[in-house]
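To start, the structure under review is shown below, and the notes come after it.
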Amino acid sequence: MEGDPLFEAAFGQAVALSGDGVQMSGGEAVASGEMIVNAMSESAGAAAKGGGHLQIAEFAASKLTGPARIAAFSLNGWDTHANQSRTLAQPLNRLAEVILSLQGNLGEDVWGKTAVVAMTGFGRTARLNGNGGSDHGTGGLMVLSGGALRGGRVWSDWPGLSETALYERRDLMPTRDVRAFSGWLMRDLFGLEKGLIESTVFPGLELGADPRLIG
């Protein structure tokens, strides 16, 4: 971010908040349309110190109640190769706390224009491994929240978990590119043209049918 007047100062603040390096971008960037927060994951070092994820959420909210329209940060701890039944609760709790922190700090008006997207680049295997965990897989899920969404529902083409329904008899079968949901949110919240999203934002992506995410 060095040398970029829109991002450098905000990035420096985020690094200072994180202790050892929550990666964040967003800063003072201004875009037309409504607000979307892209919340992915947070540094394990900051989480271990306790509360780092909430500091970052508060920082993001402070920017989004100003001129910023997009924030992105990451929350680690999802690589559950062992003892998944025990270790998964902590990152899930952190994600819930981050979403609630954003809601509380953004206020009713801004929260009503906000979509929070928690997503990852890969899923987990459908079956546990020998260590009681799961390994890197193909299909997965994303969690959507925010006052702008038509909430209380699951958007899915559920393929099932039978042996024949699994991808290579190992992973949940992917049925749609997660970027398509992000693309539709960009169209609805920022007014970007569908063709621009498919050709420039996510080159080669087919958005498919409109899932009508926004209420």
> Judged by atom type as modelled, is there a donor-acceptor pair below 3.5 Å linking the side chain of Thr65 to the main-chain atoms of Ser62?
Replying inline: yes
> Taking only residues two or more places apart in sequence or in another chain, which ones pass side chain to side chain donor-acceptor pair (under 3.5 Å) with Arg179?
Replying inline: Asp177
> side-chain hydrogen bond (donor to acceptor under 3.5 Å, both in side chains): which pairs involve residues 142-158, sequence neighbours left out?
Replying inline: none
> Where do Phe122 and Gly137 come nearest, in terms of heavy atoms and distance?
Replying inline: CB-O, 3.7 Å
>> For the OH atom on Tyr167, are there more than 12 heavy atoms of other groups (residues, nucleotides or ligands in this structure) within a distance under 6.0 Å?
In response: no
> Is the CD atom of Glu193 crowded by more than 12 outside heavy atoms at less than 6.0 Å?
Replying inline: no
> Is there a side chain to side chain contact (heavy atoms under 4.5 Å, CB included) between Asp79 and His136 once you walk through the steps?
Replying inline: CA-CA 8 Å; Asp79 218 12; His136 296 177; 2.9 Å; yes
>> Using only atom types and a distance under 3.5 Å, with no angle test, would you say the side chain of Arg176 pairs donor to acceptor with the backbone of Phe181?
In response: no
>> If you compare all heavy atoms of Pro211 against all heavy atoms of Trp184, which two are closest, and at what distance to 0.1 Å?
In response: CD-CD1, 3.3 Å
Would you tabulate the side-chain donor-acceptor contacts of residues 98-112 under 3.5 Å, counting partners in other chains and residues two or more places apart, or write 'none'?
unit_1 : atom_1 : unit_2 : atom_2 : d
Ser101 : OG     : Asn105 : ND2    : 3.2
Asn105 : ND2    : Ser101 : O      : 2.8

> Quick one: is the NZ or CZ of Arg69 closer than 6.0 Å to the six-membered ring centre of Phe190, and within 45° of its axis?
Replying inline: no
>> How long is the straight-line distance from CG of Asn83 back to CG of Leu88, given to the nearest 0.5 Å?
In response: 12.0 Å
>> With side chain to side chain contact (heavy atoms under 4.5 Å, CB included) as the criterion, how do Leu185 and Leu149 come out once you've worked through the C-alpha distance, each side chain's angles and the decisive distance to 0.1 Å?
In response: CA-CA 9 Å; Leu185 286 173; Leu149 293 169; 4.0 Å; yes
> Stepwise, does the side chain to side chain contact (heavy atoms under 4.5 Å, CB included) test hold for Leu64 with Phe59?
Replying inline: CA-CA 9 Å; Leu64 291 170; Phe59 175 76; over 6 Å; no
> Should Leu141 and Met173 be counted in the same cluster of Ile, Leu, Val, Met, Phe, Trp and Tyr side chains packed under 4.5 Å apart?
Replying inline: no
> Got a donor-acceptor contact below 3.5 angstrom from the Gln84 side chain to the Gly132 backbone?
Replying inline: no
> Tell me, do Val117 and Met142 make a side-chain contact under 4.5 Å, heavy atoms counted?
Replying inline: yes
> For the residue pair Ala165 and Gly160, what are the closest heavy atoms and their distance?
Replying inline: CB-O, 3.7 Å
>> Nearest 0.5 Å, please: how far is CG in Leu192 from CD1 in Ile197?
In response: 5.0 Å
> So if you build clusters from Ile, Leu, Val, Met, Phe, Trp, Tyr with side-chain heavy-atom gaps below 4.5 Å, do Leu166 and Leu128 land together?
Replying inline: no
> Phe73 and Ala60: which non-hydrogen atoms are nearest, and at how many Å?
Replying inline: CE2-CB, 4.0 Å
>> Give me the atom names and distance for the closest heavy-atom approach of Lys113 to Leu189.
In response: O-CD2, 4.2 Å
> Which pairs pass side-chain hydrogen bond (donor to acceptor under 3.5 Å, both in side chains) with one or both residues in residues 206-215, sequence neighbours excluded?
Replying inline: Arg187-Asp210
> Any sub-3.5 Å donor-acceptor pair from Gln90's side-chain atoms to Gly77's backbone N or O?
Replying inline: no
>> According to side chain to side chain donor-acceptor pair (under 3.5 Å), who are the partners of Glu163, at least two apart in sequence or on a separate chain?
In response: Arg127
>> Determine whether a donor-acceptor pair (N or O, by modelled atom type, separation under 3.5 Å) exists between the side chain of Arg124 and the backbone of Gly139.
In response: no
> Could you state the interatomic distance from OG1 (Thr125) to CG (Asp171), rounded to the nearest 0.5 Å?
Replying inline: 6.5 Å
>> According to side chain to side chain donor-acceptor pair (under 3.5 Å), who are the partners of Asp135, at least two apart in sequence or on a separate chain?
In response: His81, Asn129
>> Working to the nearest 0.5 angstrom, can you tell me the gap between Ile70 CD1 and Lys63 NZ?
In response: 15.0 Å
>> Minimum heavy-atom separation for Leu172 and Ala126, please, with both atom names.
In response: N-CB, 4.4 Å
